[in-house]
Amino acid sequence: FARKITGGSFQHNLTVASANPEFGGASITQYSDCANGSATVAAIPAQGGIFTRWTENGVQVSTDNPYTFELTSDRNLVAHFNFSTSDGLVYNVTSENPPIVTLIGHTENFAALNLVIPSAVTCGSTVYSVTSIREEAFYDCPNLIGSLTIGNAVTSIGNSAFYNCTSLTGTLPIGDAVTSIGNHAF
């Protein structure tokens, strides 16, 4: 979505887009046509989408949603989203081709008995391989109870990924593909 904003002695282009359109979109919700006007943009998550940040030229500029700023030059903002699955796990897309995700954590009211981290998850019509678990993904999570099974596509488990999950008491089958386990992962 793009808009040319003019006023006084300036004319600026403001463009907003989504890095992951299947997880949400972006829009310009408010702007003022006066000298060095302000603008407000909003990220609109799709079902299961979770807004994470705005970037410009690959650099994070804000985690606010909506995001209001002074428009003093042309801006090209990109909204970024993660997605959650019905079991409360949250993933970040790390590659679209091939489709790969990292398990980065869980939703706010997450609880699991005998958690299975799958080898793949489906979002929309895309099947993503789950190849890694981010550092501190479940750090100090009291709602992980029983056993934990890690899927065969996972190759790395980050530092402190399951550290201090004291209710994990069952077995710990780890897939054959795991080649890297971070410090204090369990």
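Values in this document were obtained by computation on a predicted structure and should not be read as measured data.
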To the closest 0.5 Å, what do you measure between CH2 (Trp54) and CZ (Arg75)?
10.5 Å

With rounding to the nearest 0.5 angstrom, report the CZ to CG distance, Phe186 to Asn164.
14.0 Å

Looking only at heavy atoms, what is the nearest atom pair of Ala79 and Ala43, with distance?
CB-CB, 4.0 Å

Count I, L, V, M, F, W, Y as connected when their side-chain heavy atoms are under 4.5 Å apart, and connections chain through other members. Are Leu14 and Val78 then in the same cluster?
no

Return yes when atom OH of Tyr163 has more than 12 non-hydrogen atoms of other residues, nucleotides or ligands closer than 6.0 Å, and no otherwise.
no

Run the side-chain donor-acceptor check on residues 166-177: report pairs under 3.5 Å with partners two or more places apart or on a different chain.
none

To the nearest 0.5 Å, tell me how far Cys123 SG sits from Gln47 CD.
9.5 Å

Can you tell me how far apart OG1 (Thr63) and NE2 (His80) are? Round to the nearest 0.5 Å.
12.5 Å

Count I, L, V, M, F, W, Y as connected when their side-chain heavy atoms are under 4.5 Å apart, and connections chain through other members. Are Tyr128 and Tyr91 then in the same cluster?
yes

Rounded at 0.5 Å granularity, tell me how far OG1 in Thr107 sits from CG in Asn109.
6.5 Å

Backbone N/O of Val90 and side chain of Asn82: donor-acceptor pair under 3.5 Å
no

If you group Ile, Leu, Val, Met, Phe, Trp and Tyr by side-chain heavy-atom gaps below 4.5 Å, do Ile181 and Ile117 land in one group?
yes

For residues 94-106, dump all side-chain donor-acceptor pairs below 3.5 Å to protein atoms at least two apart in sequence or in another chain.
unit_1 : atom_1 : unit_2 : atom_2 : d
Thr94  : OG1    : Ile100 : O      : 3.3
Ser95  : OG     : Asn97  : N      : 3.3
Ser95  : OG     : Pro98  : O      : 2.6
Thr102 : OG1    : Ser132 : OG     : 2.7

What residue among Phe81, Phe83, Phe51 forms ring pair (Phe, Tyr, Trp, His ring centres under 6.0 Å) with Phe23?
Phe83

Donor-acceptor contacts under 3.5 Å from residues 143-161 side chains, at least two apart:
unit_1 : atom_1 : unit_2 : atom_2 : d
Asn143 : ND2    : Phe110 : O      : 3.1
Ser147 : OG     : Asn114 : OD1    : 3.1
Thr155 : OG1    : Thr131 : O      : 3.0
Asn159 : OD1    : Asn183 : N      : 2.7

Nearest 0.5 Å, what's the OG1-CD distance between Thr55 and Gln60?
8.5 Å

With hydrophobic residues grouped by side-chain heavy-atom distances under 4.5 Å, do Tyr67 and Leu71 end up in a single group?
yes

Distance-only, no hydrogens or angles: does the Glu56 side chain make a donor-acceptor pair with backbone N or O of Leu77 under 3.5 Å?
no

Identify the heavy atoms of Pro45 and Gly49 that sit nearest to each other, and give their distance.
CB-O, 3.3 Å

Do Pro118 and Val121 come within less than 4.5 Å of each other through their side chains, counting heavy atoms only?
yes

Under the side-chain contact (heavy atoms from CB on, under 4.5 Å) test against Val41, which residue among Asn65, Asp64, Val16 passes?
Val16

Hydrophobic clusters here meaning ILVMFWY residues chained together by side-chain heavy-atom distances under 4.5 Å, can you tell me if Ile28 and Val61 are in one?
yes

If we count only N and O atoms by modelled type, under 3.5 Å, do the side chains of Asp87 and Thr85 hold a donor and an acceptor together?
yes

